[in-house]
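Step one of this worksheet: look at the structure below.
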Amino acid sequence: MTESISRQRYQFYDLHPETADFRADVIQGLSADAPAILPKYFYDEAGSHLFAQICTTEEYYPTRTEVGIIRDNIDEIVVTLGKQCLLIEPGSGDSYKVRLLLDALRPIAYLPMDISRLYLQAEAQKLAAEFSWLNVHAVCNDFTRNLELPYKVKSTRKIAFFPGSTIGNFSPDQALNVLQEMGAMVGTDGGVLIGVDLQKDSQILHAAYNDKAGYTAQFNKNLLSRMNRELGADFNPDYFKHDAFFNAQQHRIEMHLLSETNQQVHIDEHVFSFEKGRSILTEYSYKYTVEHFQQLAEKAGFERIKTWVDTEQLFSVHYLQRI
Ligand code: AVJ
């Protein structure tokens, strides 16, 4: 592949998700009565790599199960989606799952969107090199704030690919909003192929967020190191403990960082006191039934066209069409 061809096929659009947001959001989140940090901040370069490692563990079933569902149903999925679309992936990460679709789907272009700039560039360039026919238009953005496309395309059908149950990070109310925004992005005739983790035995869930190798704990604690690196905070990651459990009433996994001692942490002129046992909420991961997710999708203005589930009913993949 020559340099000039790759230049034409690979485009990078920077919509500048600012680190200023990180500082302001952290200070606001840690000042709240129930301290919390938004899960999107897990994904700096180190965090994105750690997440990829979580996905390879025995305990973390979502990735391999969703990959199995897509592989087993690829023909039907491609017929359902239709060829020649503009394929957009908000929160694309390592673009691993889209590789299962590309050869069969042959989209006009693939638009990975991610908040992690260097990681996105590296992964998108790898993909462009691997699929010599594919146009890759990488967009660095924060899709929770802005789902605008970097250019206008009227005539092409747009499909959003939203795998991995990322939708589970949002409360049901927020998830409704995210789905509505995606509906606006893909427009009439557009669609969304979305992966949603299902409610199941709480032991399976618990294990998935407490892997023995400790990648999930590292991923959680990387937030502390990231605040030190980027905000000049003085967290000692050894003084916080990874805590993840299933909240059955709310149908969600909760991840926290528990203070193991009475301590104070500084960011700029702000002082944050954590008593022993006090937690910082870092993530919710909601689990749905197929029926509940379908209701949510309909409320957001989609018609559910098809749902695929694995034989153990661990995970679901839905194709939703914008009405
Ligand atoms: C990418 C948000 C779907 O909630 O399962 C994995 C992130 N957090 N292990 C999830 C995650 C801890 C993951 N999502």
Side-chain angles (χ1 to χ4, degrees), residues 36-44 46-67 69-70 89-98 112-116 119-120 123 142-144 160-172 174-175 178-179 182 192-224 226 240-247 250-258 279-288 293 310 314-318:
I37 297 176
L38 292 169
K40 66 183 176 190
Y41 292 122
F42 281 132
Y43 302 93
D44 66 345
S48 297
H49 282 290
L50 282 166
F51 180 65
Q53 287 190 288
I54 291 172
C55 293
T56 67
T57 65
E58 187 57 37
E59 295 96 333
Y60 194 73
Y61 63 86
T63 309
R64 65 167 179 277
T65 308
E66 186 178 40
V67 165
I69 293 170
I70 295 173
E89 184 174 2
S92 51
D94 62 9
S95 291
Y96 171 71
K97 288 166 192 163
V98 81
M113 297 179 160
D114 208 276
I115 193 167
S116 191
Y119 193 73
L120 168 70
E123 296 303 324
D142 175 355
F143 76 81
T144 68
F161 180 46
F162 202 46
S165 204
T166 304
I167 194 73
N169 271 173
F170 302 93
S171 71
Q174 294 169 330
V178 170
L179 288 174
M182 268 188 210
V192 179
L193 184 68
I194 182 167
V196 182
D197 199 11
L198 297 176
Q199 286 173 22
K200 61 181 65 63
D201 186 294
S202 65
Q203 281 178 342
I204 299 176
L205 287 169
H206 188 270
Y209 293 83
N210 290 279
D211 64 292
K212 288 209 189 73
Y215 292 125
T216 311
Q218 278 184 57
F219 174 71
N220 200 5
K221 285 190 179 195
N222 175 58
L223 262 178
L224 303 174
R226 181 179 182 187
F240 285 86
K241 198 176 118 196
H242 167 68
D243 184 33
F245 57 87
F246 185 59
N247 179 333
Q250 301 292 330
H251 311 294
R252 69 188 181 211
I253 285 282
E254 296 189 9
M255 283 212 326
H256 298 259
L257 289 160
L258 278 187
S279 94
I280 304 172
L281 171 70
T282 53
E283 181 172 53
Y284 287 147
S285 189
Y286 280 84
K287 308 304 172 185
Y288 287 87
F293 184 74
D310 60 295
L314 295 172
F315 201 93
S316 60
V317 175
H318 308 254

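Quick note: numbers below take in every heavy atom, side chains included, and nothing from hydrogens, waters or symmetry partners. Counting convention: from 1, in listed order, for ligands and their atoms alike. Here the structure is a predicted model, which is why all the values come from computation and not from measurement.
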Ala175 to Tyr288 - nearest heavy-atom pair and separation: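 It is CB-OH, 3.9 Å.
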
Counting N and O atoms only, with roles assigned by atom type, does the side chain of Ser285 sit under 3.5 Å from a partner on the main chain of Gly168, one being a donor and the other an acceptor? no

Check for a donor-acceptor pair, side chain of Lys200 on one end and backbone N or O of Leu198 on the other, with a separation under 3.5 Å.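 Checking the backbone N and O of Leu198 against the side chain of Lys200, a donor-acceptor pair under 3.5 Å is found.
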
Element-labelled atoms of ligand 1 that are located less than 4.0 Å from some non-hydrogen atom of [X]:
| X | result |
| --- | --- |
| Gly164 | 3 (C) |
| Phe51 | 1 (C), 6 (C), 7 (C), 11 (C), 13 (C) |
| Asn169 | 2 (C), 4 (O) |
| Ser285 | 4 (O), 5 (O), 10 (C) |

Quick one about Asn169 and Glu283 (side-chain donor to acceptor, distance below 3.5 Å, no hydrogens or angles considered), yes or no? yes

Aromatic centroids of Tyr119 and Phe51 separated by under 6.0 Å: no

Taking ring-ring contact (aromatic ring centres under 6.0 Å, His included) as the test, write out the residues that go with Tyr215, two or more places apart. none

Relative to ligand 1, is Phe42 under 4.0 angstrom through side chain, backbone, both or neither, heavy atoms considered?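 The answer is neither; Phe42 stays 4.0 Å or more away.
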
Under 3.5 Å: N/O of [X] near N/O of ligand 1:
| X | value |
| --- | --- |
| Ser165 | no |
| Thr166 | no |
| Glu283 | yes |
| Tyr43 | no |

Determine, using heavy atoms of Gly168 and all atoms of ligand 1, whether some pair is separated by less than 4.0 Å. no

Is Tyr60 near ligand 1, meaning one of its heavy atoms is under 4.0 Å from it?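 Right, Tyr60 reaches ligand 1.
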
Go through the structure and list residues passing salt bridge (charged side-chain N to carboxylate O under 4.0 Å, His left out) with Glu66, not counting sequence neighbours.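 Applying salt bridge (charged side-chain N to carboxylate O under 4.0 Å, His left out) to Glu66 gives Lys97.
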
Walk me through whether Tyr61 and Phe315 qualify under ring-ring contact (aromatic ring centres under 6.0 Å, His included). CA-CA 9 Å; Tyr61 63 86; Phe315 201 93; 7.4 Å; no

